[in-house]
Q: 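The following block contains the structure, expressed as structure tokens.
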Number of protein chains: 2
Amino acid sequence: MYSKSEENYLKAIYHLEAIAKHGVSTNAIAGEMETKPSSVTDMVKKLADKQLVNYVKYKGTTLTEKGKKAALGVVRKHRIWEVFLLETLDFQWDEVHDIAEQLEHIKSQELINRLDKFLDYPDYDPHGDPIPDKNGNIKSAEKKLLAELKKGNQGQLVGVRETSPDFLQFLDKRSIAIGSKIKVLGKEFFDGSMVIQVQGEQFFISKKIAENLYIHI
Amino acid sequence: MYSKSEENYLKAIYHLEAIAKHGVSTNAIAGEMETKPSSVTDMVKKLADKQLVNYVKYKGTTLTEKGKKAALGVVRKHRIWEVFLLETLDFQWDEVHDIAEQLEHIKSQELINRLDKFLDYPDYDPHGDPIPDKNGNIKSAEKKLLAELKKGNQGQLVGVRETSPDFLQFLDKRSIAIGSKIKVLGKEFFDGSMVIQVQGEQFFISKKIAENLYIHI
DNA sequence: AAAAAAAGTTAGTCTTATCTAAAAAATTAT
DNA sequence: ATAATTTTTTAGATAAGACTAACTTTTTTT
Ligand SMILES: [Mn+2]
Ligand SMILES: [Mn+2]
Ligand SMILES: [Mn+2]
Ligand SMILES: [Mn+2]
């Protein structure tokens, strides 16, 4: 259907649309794709010709319905493959992304549907991101940063934003891991620091820590 | 490492070397790859520059040790993915090839080794072709055509050469299937026809039938 | 052994996806 | 409201891989 490059652009634009207010900027796409802005201009023109994006010179790019559907198809493949790599092949949490980046481009609807079935229709990928269904519907909730929760809220740790060894060791030392239930016992308005409860134990964490933990509520 | 196109050429040359006496001809590669001879000339020159083939203008192409190793790597990936598609995802025997043709190009040694382990180190792919190990060694026997067997020989049906509905129905009607044990009870020198025994039952088959069944002895 | 046919190569073109450098438009600072 | 800066686009170049058409070498036929 679409080339690997086109699929990667669509996915990048999809991800950027979630945070951009209006259209996605050429520079933003270039940043995400690790290419030059001039390459992006070329590609978004091609995507516009194929009715996959709305592109207004100097103004920005947005996905059309057709483009969004295509992007969600790639996102679905990516996340299902990530689950497979982690659950079935026992890859580590941080090893799956690069391989899924390639596998997401395999052309076969049947393949991904059978894989989905084999994995028993997972709702989330290993990073806590929801998996769209066959029709591109995302029924599951998007993950949130722990820092966004209020006092009294609780949820489950589904992923980390920062992956440096320092940070992962910080979590390890406190037995905070993917799947842990976390409750916000208190939150300081002044600096955003929190007191949280994890498996009975209480920890004080800074805003910086809370901004790097993804939660499902 | 190598591009998808280079990998496909290496694999094609590897397959053709098995039947060619001397070097593989440009036209033969073009046929296998479904490209034009001029495209092949371009590519074999590039492969020769990379020490993957020995190419002598107008004479033919052979794989170097380096090229053979690379080709076997692709063959290994292809066959392991085929096993996965059939065994794990329940694809039909004749649906797996096209998808494996894409999956064989995923760049990750770790991925294929884990998949191999997950499948419990299969020796053959669903078509009865042996799977090279990590180092490119093929310890298992190559499949043979039933037509090559002699009176008294027996083996296991591992694949079919022809895949037309007519032929598959012919087999179905007689309950001859992949995995069936077949014994040659008699063979006519005049026309190559055979009497075979399959699960207690005896059948008379023409040479044409016997030339389309692959056997492991 | 010459002529004809087939096989293989070269030269030049095309497409896709990149890039650099220069120009134009939009934004921000003065 | 200008000027400076940043963002974006255009123009032209490059590399991979494929094609057509023309040419050369090899093989087969007569
Ligand atoms: Mn990708
Ligand atoms: Mn993910
Ligand atoms: Mn292939
Ligand atoms: Mn096979």
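Reminder, nothing fancy here: chain letters follow the sequence lines and each chain counts from 1.
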Q: Could you check whether B:Thr35 gets within reach of a base, just the sugar-phosphate, or nothing at all, counting any heavy atom under 4.0 Å?
A: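 Result for B:Thr35 = sugar-phosphate.
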Q: A:Lys57 NZ to D:dT9 P: how many Å, rounded?
A: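 Those two atoms, NZ and P, are 8 Å apart.
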Q: Under 6.0 Å between the ring centres of A:Tyr214 and A:Tyr124?
A: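 No: the rings miss the under 6.0 Å criterion.
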Q: Using a 4.0 Å heavy-atom cut-off across all strands, classify A:Lys45 as base, sugar-phosphate, or nothing.
A: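 Sugar-phosphate only.
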Q: Rounded off to whole Å, could you give me the OH-to-P distance for the B:Tyr2 and D:dA16 pair?
A: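 That distance rounds to 15 Å.
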Q: Tell me what B:Ser38 touches on the nucleic acid: a base, only sugar-phosphate, or nothing, going by heavy atoms under 4.0 Å.
A: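 Answer is base: heavy atoms of B:Ser38 come under 4.0 Å of a base.
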Q: Evaluate the ring planes of A:His97 and A:His78, with Trp represented by its six-membered ring, and classify them as parallel (under 30°), tilted (30 to 60°) or perpendicular (over 60°).
A: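 Geometry flag for A:His78 against A:His97: tilted rings.
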Q: How long is the line joining CG of B:Asp49 and P of D:dA16, in whole Å?
A: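 In whole Å, D:dA16 P lies 11 Å from B:Asp49 CG.
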Q: What is the distance from CG of A:Asp42 to P of D:dA13, rounded to the nearest Å?
A: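 Distance check: A:Asp42 CG to D:dA13 P gives 15 Å.
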Q: For A:Ser3 and C:dT16, is the shortest distance between a side-chain N/O and OP1 or OP2 below 4.0 Å?
A: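 Result: no.
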Q: Please determine if a side-chain N or O atom of B:Asn27 lies less than 4.0 Å away from the OP1 or OP2 oxygen of C:dG8.
A: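 So the side-chain polar atoms of B:Asn27 do come within 4.0 Å of the phosphate oxygens OP1 or OP2 of C:dG8, strictly under.
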Q: Rounded to whole angstrom units, what separation is found between the NZ atom of B:Lys36 and the C1' atom of C:dT10?
A: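 My rounded result for the distance is 17 Å.
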Q: For B:Tyr58 and D:dC23, is the shortest distance between a side-chain N/O and OP1 or OP2 below 4.0 Å?
A: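 For B:Tyr58, the contact criterion (side-chain N or O under 4.0 Å from OP1 or OP2 of D:dC23) is not met.
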Q: Is it the case that over 12 heavy atoms from other parts of the model lie below 6.0 angstrom from the NZ atom of B:Lys66?
A: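 Check passes, neighbour count above 12.
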Q: With a cut-off of less than 4.0 Å, is there a side-chain N or O of B:Tyr9 near OP1 or OP2 of D:dA18?
A: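 For B:Tyr9, the contact criterion (side-chain N or O under 4.0 Å from OP1 or OP2 of D:dA18) is met.
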Q: In whole angstroms, how far is the P atom of C:dT27 from the NZ atom of A:Lys59?
A: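 Whole-Å distance recorded here is 5 Å.
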Q: Answer yes when A:Asp98 and B:Lys107 have at least one side-chain N-carboxylate O distance shorter than 4.0 Å, and no when they do not.
A: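 Result for this pair is no, no salt bridge flagged.
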Q: What integer distance in Å separates A:Met43:CE from C:dT18:C1'?
A: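 Spelled out: CE on A:Met43 to C1' on C:dT18 is 10 Å.
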Q: Measure from the side chain of B:Ser25, starting at C-beta and using heavy atoms only, and say which of C:dG8, C:dA24, D:dC19 lies closest.
A: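 Looking only at heavy atoms from C-beta outward on B:Ser25, the closest nucleotide is C:dG8.
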Q: Could you tell me whether the side chain of B:Asn8 reaches within less than 4.5 Å of the side chain of B:Glu104, counting heavy atoms only?
A: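 Yes - at least one pair of side-chain heavy atoms lies under 4.5 Å apart.
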Q: Any base atoms under 4.0 Å from B:Ser39, or only sugar-phosphate, or nothing? Heavy atoms, all strands.
A: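 B:Ser39: base contact, heavy atoms under 4.0 Å.
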